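Note that the structure is predicted; figures quoted are calculated from it, not measured.
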Amino acid sequence: MPEGRYVEARGSREAAYTGDYRIEGTMIYYRDDAGFSADGEFRDDVLYHAGMVMYRHLRARQ
């Protein structure tokens with residue numbers, strides 16, 4: 001979400017994890033509400049995080 005919070009879905013749970021994030025340059029840093037932290041890196045609008053490669057899903061504009 002734009003205000004520095006995130007909601008992560010897992011399986012059938014729409015809000016399995018929630019927390020804060022911040023972006024510094026090409027890096028993104030996460031800290032969930034339970035205290036777990038992680039990071040990722042954006043390269044050419046692709047996020048590389050924990051061995052995963054995530055592409056942006058663009059919704060059709062109405």
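- Evaluation of the salt bridge (Lys or Arg N to Asp or Glu O under 4.0 Å) rule for Glu3 yields no partner, not counting sequence neighbours.
- Taking the side chain to side chain donor-acceptor pair (under 3.5 Å) definition, one finds that Glu14 meets it with nothing, sequence neighbours left out.
- Residues Met27 make up the rest of the hydrophobic cluster containing Tyr29, defined by ILVMFWY side-chain heavy atoms closer than 4.5 Å, directly or through other members.
- For Leu47, the side chain to side chain contact (heavy atoms under 4.5 Å, CB included) test picks out Ile28, Tyr30, Phe42, His49, Met54, with sequence neighbours left out.
- Partners of Arg13 according to the salt bridge (Lys or Arg N to Asp or Glu O under 4.0 Å) rule, which considers only residues two or more places apart in sequence or in another chain, do not exist here.
- Contact record, Tyr6 with Asp20: CE2-O, 3.4 Å, taken as the closest heavy-atom pair.
- By the side chain to side chain contact (heavy atoms under 4.5 Å, CB included) test, Arg56 is found to be paired with Asp45, Leu58, residues two or more places apart in sequence or in another chain being considered.
- For residues 31-40, the pairs satisfying side chain to side chain donor-acceptor pair (under 3.5 Å) are Arg5-Asp33, Thr18-Asp33, with sequence neighbours left out.
- When the side chain to side chain donor-acceptor pair (under 3.5 Å) test is applied to Arg10, the partners found at least two apart in sequence or on another chain are Glu8.
- With a 4.5 Å cut-off between side-chain heavy atoms of Ile, Leu, Val, Met, Phe, Trp and Tyr, the cluster of Val7 takes in Met1.
- Residues Val53 and Ile23 fall into different hydrophobic clusters, defined by Ile, Leu, Val, Met, Phe, Trp and Tyr side chains chained together at heavy-atom separations under 4.5 Å.
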